[in-house]
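Working notes, beginning with the structure itself.
Protein chains get the first letters and strands the later ones, always in sequence-line order, with residue 1 at the start of each.
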Amino acid sequence: MCARSRRRPSLICVTTRSAVFYKIISNKNLLKTSYSMKRSRIIDIIKHPEEIGFGSKVCVKGWVRTKRGNSNVAFIALNDGSIVTNLQIVAEPAKFGDDLMKLITTGSCLHVEGTLVESAGKGQTVEVQAEMIEVYGTADPEVYPLQKKGHSMEFLREIAHLRPRTNYFGCVLRLRHAMAFAIHKFFNDKGFFYLHTPLITASDAEGAGEMFNVTTFDLNNVPRTEDGKVDFKKDFFGKHTNLTVSGQLEGELGALALGNIYTFGPTFRAENSNTPRHLAEFWMIEPEMAFYDITDNMDLAEEFIKYLVQYALDHNMDDLRFLNDMFDKELIARLESVLKQDFIRLGYTEAIDILLKADKKFDYKVSWGIDLQSEHERYLVENHFKCPVILTDYPKEIKAFYMKQNDDGKTVRAMDVLFPTIGEIIGGSEREADYQKLLNRVHELNMTEQQYWWYFETRKFGSAPHSGFGLGFERLLLFVTGMTNIRDVIPFPRTPQNAEF
RNA sequence: GCUUCCUUAGCUCAGUUGGUUAGAGCAUCUGACUGUUAAUCAGAGGGUCCAAGGUUCAAGUCCUUGAGGGAGCGCCA
């Protein structure tokens, strides 16, 4: 007898070759804490059962997806999040008792120890013959919201605290992790440095969108100056501050010292955007490279996206196959096709010509100088070329002040990577490295050098040609997962009027 | 922010020109079944028809307002 069984006389201690088991003998003792073995992850059992060995004892812990069977045998599909596939637990009700079997319902959490065997049934290669079952947590089937049948994405959004337990969201979260990891790997392997740019910024007009204020003021009693304006000198930072809408300007400071850097962090936009492609809080990757011109920039962007897609195909095929089978029958084929084709590279002026010659009637009239609308971008990508398109050399009037001005005096070296259904997945440019040209542009836009004095100093001191771009992480995930609403590729979406969870 | 659609059982949805007691599948509960595969079979329970107001002999159905959600557009990544 071991020490533990002396403290718990209601349990029988059974010693076997590889493990110690406690069998519950009293029907009332259904929620005992018992343990013995090291937990195996279900992915390891399913992928490499030979390493554990058929006939060996295993310990698994996870959440019940379904329970089937009859009075003689029960089949419990257990999922621990390590892989989309469930592990089949075979349990004989006579061995465990009705009271315990009743607690095993969809959503309940179990600790199971038993023997790993080749499956006697079809549909799976391995299963575990249960010898000990401990119920960590029950899930009352009358009120537990998740069922083994499918749910709508809209319903799952309302229970974002539980949706990670669905097959669908497990796939998305594993892919999300894989893409985040692959992003760091891609840049690290290329000698890029990960730069942490600030989330709180005092730059008032970065131009990328409406910003969230950051303050410690008591909003019911805001300090005022003599002329009635908000007195930000009394605020935490002594000036008006916001959450960042981009790390790019600070990223340039890093690139002009370290060579190649990238940022990867959260970004905040207070735009009242209600679409399946916008979030108020999202993650963005912004590489910035010294000595890269616009062509180098495009090459990197294309290589980057293809690397990430290849990484997903190489490392997350189980998840992709599930999403392909259940949601988007063309997902894997679409991912593979992107790898095969070169992205079309096209000047804005040529794009306008194509649109002017198009048979299609657009709601927004096409002429040189307009900002391309969704319908125009979609026509180019989905109808005309039927593949990703990189558009360059936009009119300077519709692009940001920091983009390098072309010799024609009319266009700047911007680039937008456009993807089918998603639209703009990457936006970037070669940066204006000439101090005087940058200054002139800022004055044209009625902005002041002073608010970006530190940015201008990089052009005063050792300026260098450089380029960069921004990739919306969730938009990448839309493409990689085949999902159609951006709220379904981030664990806890923040959108106008919604900050639950 | 603009336009438009939707809201009926726990979930997904049907519900006819407004007309008796609002239905189905799945889920749940009870029972059957010796290996299931979103198990199957039989039975049962389950409804503030989003909310408020209005029209009408009569409203799930028509009208008004509000709330929540989706899609399209704008802004953008």
Side-chain angles (χ1 to χ4, degrees), chain A residues 65-77 85-94 102 105-107 117 119-124 127 129 139-159 166-167 206-210 245-248 266-286 301 325-326 362-364 371-378 398-400 416-419 422-428 469-479 484-490 495-498 500:
Chain A
R65 286 292 159 75
T66 69
K67 186 179 71 171
R68 305 179 282 274
N70 51 50
S71 54
N72 294 291
V73 60
F75 303 96
I76 302 158
T85 318
N86 301 322
L87 179 66
Q88 175 153 287
I89 308 295
V90 184
E92 292 166 31
K102 274 183 184 170
T105 59
T106 298
V117 298
S119 180
K122 292 172 186 171
Q124 61 281 315
E127 63 192 23
Q129 205 75 40
D140 182 351
E142 295 279 7
V143 292
Y144 183 63
L146 288 174
Q147 299 171 6
K148 54 187 167 187
K149 294 272 179 180
H151 297 282
S152 69
M153 290 299 149
E154 291 79 12
F155 174 69
L156 292 177
R157 258 171 241 154
E158 292 170 12
I159 52 167
T166 62
N167 285 335
E206 292 184 17
E210 294 295 314
V245 292
S246 166
Q248 182 203 315
T267 306
F268 309 91
R269 305 264 169 102
E271 300 287 353
N272 194 4
S273 298
N274 295 292
T275 84
R277 296 179 303 282
H278 289 85
L279 291 165
E281 177 183 284
F282 63 100
W283 289 66
M284 189 153 67
I285 301 100
E286 295 179 289
D325 293 346
M326 300 298 286
F362 297 110
D363 291 337
Y364 290 84
D371 204 355
L372 295 182
Q373 306 296 314
S374 288
E375 56 175 344
H376 306 138
E377 295 179 349
R378 293 185 69 142
I398 59 174
K399 289 294 182 182
D416 284 359
V417 181
L418 308 178
F419 261 50
I422 299 161
E424 186 181 341
I425 193 168
I426 280 180
F469 61 81
L471 169 75
F473 186 50
E474 284 76 16
R475 289 200 180 165
L476 169 79
L477 286 170
L478 283 179
F479 182 71
T484 53
N485 192 311
I486 203 163
R487 295 163 203 195
D488 300 326
V489 295
I490 187 169
T495 53
Q497 298 298 311
N498 181 12
E500 190 73 43

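- Here A:Phe75 does not count as stacked on B:G35, because the ring centres are not under 5.5 angstrom apart with planes under 30°.
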Base-pair string, RNA chain B, Watson-Crick plus G-U, cut-off 3.5 Å on both distances, | for inter-strand, is (((((((..((((.....[...)))).(((((.......))))).....(((((..]....))))))))))))....
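- For the pair A:Ser152 and B:U12, the criterion of a side-chain N or O lying under 4.0 Å from OP1 or OP2 is met.
- With A:Asn485 as reference, A:Arg157 is the one residue of A:Arg157, A:Arg277, A:Met153 to meet the side chain to side chain contact (heavy atoms under 4.5 Å, CB included) rule.
- Summarising the geometry, the separation between NZ on A:Lys67 and P on B:U40 is reported as 16 Å, rounded to the nearest angstrom.
- With both ends at atom C1', the span from B:A22 to B:A9 equals 11 Å, rounded to whole Å.
- Note on A:Asn70: a side-chain N or O is less than 4.0 Å away from OP1 or OP2 of B:G35.
- A gap of 13 Å separates the P atoms of B:A51 and B:G10, to the nearest Å.
- Between A:Thr106 and A:Lys67, every side-chain heavy-atom pair lies at or beyond the 4.5 Å cut-off.
- Between the side chain of A:Glu271 and the backbone N or O of A:Glu210 there is at least one donor-acceptor pair closer than 3.5 Å.
- Nucleic acid contact class of A:Ile426 (heavy atoms, under 4.0 Å, all strands): sugar-phosphate only.
- A:Leu476 comes within 4.0 angstrom of nothing in the nucleic acid, heavy atoms only.
- Nucleotides B:U7 and B:C62 have their P atoms positioned 10 Å apart, rounded to a whole Å.
- B:G68 and B:A32: their P atoms are spaced 49 Å apart (whole Å).
- Nucleotide B:A77 holds its P atom 11 Å from the CG atom of A:Asp371, rounded to whole Å.
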Distances under 3.5 Å between nitrogen or oxygen atoms of protein and nucleotides 3-10 of chain B:
from: B:G10; atom 1: N2; to: A:Gln147; atom 2: OE1; distance (Å): 3.1
from: B:G10; atom 1: N3; to: A:Gln147; atom 2: NE2; distance (Å): 3.4

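- Atom NZ in A:Lys399 sits about 11 Å away from atom P in B:C75, given to the nearest Å.
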Can you give me the N/O atom pairs linking the protein to nucleotides 65-74 of chain B at distances under 3.5 Å, or say none if there are none?
from: B:G70; atom 1: OP1; to: A:Arg157; atom 2: NH1; distance (Å): 2.9
from: B:G70; atom 1: OP1; to: A:Arg487; atom 2: NH1; distance (Å): 2.8
from: B:G70; atom 1: OP2; to: A:Arg487; atom 2: NH1; distance (Å): 3.0
from: B:A71; atom 1: OP1; to: A:Asn485; atom 2: ND2; distance (Å): 2.9
from: B:A71; atom 1: OP2; to: A:Asn485; atom 2: ND2; distance (Å): 3.2
from: B:C73; atom 1: O2'; to: A:Tyr364; atom 2: OH; distance (Å): 3.3
from: B:C73; atom 1: N4; to: A:Asn274; atom 2: O; distance (Å): 3.2
from: B:G74; atom 1: OP1; to: A:Gln373; atom 2: OE1; distance (Å): 2.6
from: B:G74; atom 1: OP1; to: A:Ser374; atom 2: N; distance (Å): 3.2
from: B:G74; atom 1: OP2; to: A:Ser374; atom 2: OG; distance (Å): 2.9
from: B:G74; atom 1: N2; to: A:Asn272; atom 2: O; distance (Å): 3.1

